[in-house]
Amino acid sequence: MAEFKNPNQQGGGDNKSLLVMMLVLVTVFFGLQYFRSKNNPQTASPNVSQSTAAVGGTQAPAQTPAPPAVTNSAAAAPAASGVPAVQAPAEATTTVENELYRITFTNRGGQVSSWILKKYKDSDGKPLNLVHTQAAQQFGYPLSLYTYDAALTASLSKALYVPSASGALAAPASLTFNYSDGATTVRKTFSFDETYVLHADVEVTRNGAPVRALINWPGGFGDQDNASAYAGAQLDYAQNAKEQHLAAKKVSGGETLNGPFDWAGTSDTYFAAIFLPDSPDTATVAMLHNQLDVAKTIRRTGLGSGAPAKGAIEVPVLGAALGDTSGRTQTRVYVGPKAVNVLRGIHATGNTISLEPLLDFGFFGPIGKYLFLSLQFIHAHITSNWGWSIVLLTVLINLLILPLRVKTMQSGLKMQRIQPQMDAIKERYKKYKATDPKRNEMNVEIMKLQKDNGVNMFGGCIPTLIQMPLLFAFFSMLPKVVELRQAHWFWLPDLSSADPYHILPIVMIVSQFLVQFYTPSPGVDPQQQKMMAFMMPAVSGYMTWNYASGLALYWTIGNLISIGQQSVMNRTSLGREMREIAAKRARRKAGTPTTISGKR
């Protein structure tokens with residue numbers, strides 16, 4: 001036998017002793033593995049880590065790799081224990097219904113084939129089916145099972161389960177699916193009430209050992225029929241009352257996020273499928289991200305919308321599956337609209353954290369939230385039309401800022417009165433370069449002159465500073481509230497989508513020009529005024545041309561009100577004095593075009 005030497009031991013050593021030690025260690029190691037497999041079988045699942053890792057630049061739960069695949073022979077071979085097979089002879093369906101939904105289950109996979117929301121319509125005016133049929137055919141149907149063995153996942157989704165009931169059920173009700181091939185045993189129980197929330201209890205074992213089987217929403221929603229709808233897809237979750245919204249590019253398919261989770265799931269712009277685990281601390285979530293070619297099914301708008309696409313159109317389809325480290329998954333499942341009144345009434349297990357943060361209005365979210373609540377109040381108590389609600393809210397906002405408009409005009413008049421003195425100061429210092437310290441003295445003199453005459457150099461900016469956050473809040477809020485989805489107003493079929501005829505953007509461009517035309521701008525160079533008079537309408541037209549028509553409606557009504565208010569103020573003594581001062585200044589500057597603003 002070859003000689004083994006320990007290089008760290010001078011003079012070699014007892015080779016036979018080393019061999020015996022190695023044999024003993026190997027024997028003990030494999031013996032322990034055999035003993036543990038017989039007496040303490042393990043769940044076929046990933047190990048759970050309580051550490052956290054960054055996901056897409058945000059702090060997220062640790063990502064856990066999938067466990068080793070289970071061999072097909074182990075999944076298919078009958079157990080020695082002789083568990084009887086439980087399989088249905090043929091495919092059948094069961095429908096569960098309440099006032100909000102009609103869910104159709106198939107016993108093939110014990111999963112959902114149709115999920116109709118009765119209060120919502122699709123783009124063709126038919127009851128909305130939240131199941132994305134094309135995605136489901138490729139990636140799986142809602143409430144199917146997701147395991148860390150692709151072969152097992154596929155077999156469980158094709159198996160014929162035995163349902164506890166068939167035909168039609170009226171909620172409150174309970175529906176159980178059972179299946180066994182002698183080795184793998186599955187029990188899925190769903191409980192329903194009068195809300196959008198149902199409860200799921202899933203348990204899978206193989207040869208008596210628990211298998212990590214997650215309850216699954218594989219991806220997509222039935223309202224996703226255009227590019228913007230797919231772009232609104234995201235993965236949502238909340239941990240310790242802090243919510244995260246991950247866009248498609250930040251979702252890595254197949255990775256597992258470890259809890260605790262208050263809630264987790266996926267959503268698009270208007271609808272969501274969210275899991276609220278019974279045991280938040282031991283919950284885990286598998287992120288699902290697939291690409292789908294929708295060249296033949298996507299809805300197109302504009303010229304040439306009926307023409308077939310040239311080549312593939314790949315869109316992201318996001319999904320989520322929730323499980324528990326114990327192997328048995330118990331969770332509530334919310335599937336419904338992202339309506340604030342509904343979401344705020346659904347809370348996580350064991351705390352008061354609601355689903356309301358699912359409705360994310362972005363940077364100006366707090367302002368957008370209260371604007372929508374005001375809009376909702378008007379809709380509920382004054383007018384039942386969302387378009388007229390936007391009009392009334394716009395009128396109220398402009399009435400509230402009317403005193404500021406008057407203050408702005410008074411500040412502008414004061415500015416005009418001292419304009420000759422300001423021009424004289426600038427004339428004395430114009431020989432100095434912009435970098436010359438003398439220029440600082442000029443600024444000091446001008447500021448002292450303004451202070452002595454009660455002029456606020458920022459007075460003319462106050463209305464704009466107030467209106468811009470409101471405008472951006474509307475910009476981020478209007479396309480995201482499901483209440484405005486398919487809300488009609490005159491020729492507008494959907495206030496959350498662009499004006500199909502671009503009438504409002506055109507009217508808004510004209511009205512924006514008139515706002516610039518009628519609003520006095522004392523102290524502003526006439527050439528700059530002309531540039532702004534054309535630039536602002538162009539920018540606002542570009543922003544609203546293909547955006548939510550509700551925004552164009554708000555902006556246009558606000559412009560028309562501003563024009564009316566400014567026209568009245570221009571006829572007051574304050575307005576007449578401002579025009580006279582402006583005319584005198586124009587006459588002094590012979591050959592210089594008069595200002596285009598402040599006219600009647």
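Only heavy atoms go into these numbers, but all of them, side chains included; no hydrogens, no water, no symmetry mates.
- Around the NZ atom of K119, the shell of radius 6.0 Å holds no more than 12 heavy atoms that belong to other residues, nucleotides or ligands.
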Checklist entry - Run the side chain to side chain contact (heavy atoms under 4.5 Å, CB included) check on I397 and L371 step by step: do they pass? => result CA-CA 10 Å; I397 291 174; L371 280 175; 4.0 Å; yes
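- Ring planes of Y120 and F271: perpendicular class, angle over 60° (limits at 30 and 60°).
- Between T544 and A552 the shortest heavy-atom distance is CB-CB, 4.0 Å.
- Looking at every heavy atom in both residues, P142 comes nearest to V131 through CG-CG2, 3.9 Å.
- Taking CD1 of I390 as the reference point, atom CH2 of W489 lies at 9.0 Å (rounded to 0.5 Å).
- The main-chain N or O of W115 is found under 3.5 Å from a side-chain atom of N129 such that the two form a donor-acceptor pair.
- Residues L128 and K121 fail the side-chain proximity criterion, which asks for heavy atoms closer than 4.5 Å.
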Item to check | Evaluation steps, side chain to side chain contact (heavy atoms under 4.5 Å, CB included), between L492 and L504 | outcome: CA-CA 9 Å; L492 300 175; L504 270 181; 3.6 Å; yes
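- Looking only at side-chain heavy atoms (C-beta outward), K369 and E356 come within less than 4.5 Å of each other.
- Residue Q566 holds its CD atom at 12.5 Å from CG of N559, rounded to the nearest 0.5 Å.
- A heavy-atom distance below 4.5 Å is found between the side chains of L276 and I346.
- In summary, of the residues considered (T297, D268, L292, V315), a side chain to side chain contact (heavy atoms under 4.5 Å, CB included) with Q224 occurs for D268 alone.
- Here the closest heavy-atom approach between residue Y432 and residue R439 is recorded as O-NH2, 3.0 Å.
- Side-chain atoms of S511 do not come within 3.5 Å of backbone N or O of L560 as any donor-acceptor pair.
- Pairing each heavy atom of A272 with each of S267, the nearest pair is CB-CB, 3.6 Å.
- Here the shortest heavy-atom pairing between P479 and Y547 reads CG-OH, 3.3 Å.
- The main-chain N or O of H488 is found under 3.5 Å from a side-chain atom of N385 such that the two form a donor-acceptor pair.
- Atoms CD and CD1, on E441 and I446 in that order, are 12.5 Å from each other to the nearest 0.5 Å.
- With a 4.5 Å cut-off on side-chain heavy atoms, E427 and D423 do not count as touching.
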Next on the checklist: Would Y334 and T195 count as a side chain to side chain contact (heavy atoms under 4.5 Å, CB included) here? Give the steps.
Outcome noted: CA-CA 9 Å; Y334 171 79; T195 70; over 6 Å; no
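- By the 4.5 Å heavy-atom criterion applied to side chains, W388 and F490 are counted as neighbours.
- Proximity of a side-chain donor or acceptor of S549 to a complementary backbone N or O of S497 within less than 3.5 Å is detected.
- Looking only at distances, no side-chain donor or acceptor of K338 sits under 3.5 Å from a matching main-chain atom of V482.
- Closest heavy-atom contact between L495 and A548: O-CB, 3.7 Å.
- Taken to the nearest 0.5 Å, the CD1 atom of I274 stands 15.0 Å off from the OH atom of Y196.
- The backbone N or O of N240 lies less than 3.5 Å from a partner atom in the side chain of D262, making a donor-acceptor pair.
- A donor-acceptor pair is defined here as one N or O able to donate and one able to accept, closer than 3.5 Å; no such pair exists between the side chain of D293 and the backbone of E314.
- Relative ring orientation between Y554 and F474 is described as parallel, the plane-to-plane angle staying below 30° on a 0-90° scale split at 30° and 60°.
- Within the 3.5 Å criterion, the main-chain N or O of S389 finds no donor-acceptor partner in the side chain of H379.
- With no hydrogens or angles considered, no side-chain donor-acceptor pair links W263 and D236 at under 3.5 Å.
- Formation of a donor-acceptor pair under 3.5 Å by the H502 side chain with backbone atoms of W545 is found in this model.
- Distance check, rounded to the nearest 0.5 Å: NE2 of H289 to CG of L318 gives 5.5 Å.
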Item to check | Verdict with supporting geometry, F139 and W217, ring pair (Phe, Tyr, Trp, His ring centres under 6.0 Å) | outcome: CA-CA 10 Å; F139 312 126; W217 188 278; over 10 Å; no
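- N226 and S228 share a side-chain donor-acceptor pair at under 3.5 Å.
- Residues meeting the side chain to side chain donor-acceptor pair (under 3.5 Å) test with R428, sequence neighbours left out: E445.
- Taking OG1 of T269 as the reference point, atom CZ of R485 lies at 10.0 Å (rounded to 0.5 Å).
- Looking only at side-chain heavy atoms (C-beta outward), Q138 and V317 stay at 4.5 Å or farther from each other.
- Side-chain contact between K118 and R102 is present, with at least one heavy-atom pair separated by less than 4.5 Å.
- Between the side chain of H245 and the main chain of P357, a donor-acceptor pair closer than 3.5 Å is present.
- Using a 4.5 Å heavy-atom threshold, the side chains of L257 and Q239 count as separate.
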Next on the checklist: Test side chain to side chain contact (heavy atoms under 4.5 Å, CB included) on Q376 and V340; report intermediate values, then the result.
Outcome noted: CA-CA 10 Å; Q376 196 174 48; V340 62; 3.9 Å; yes
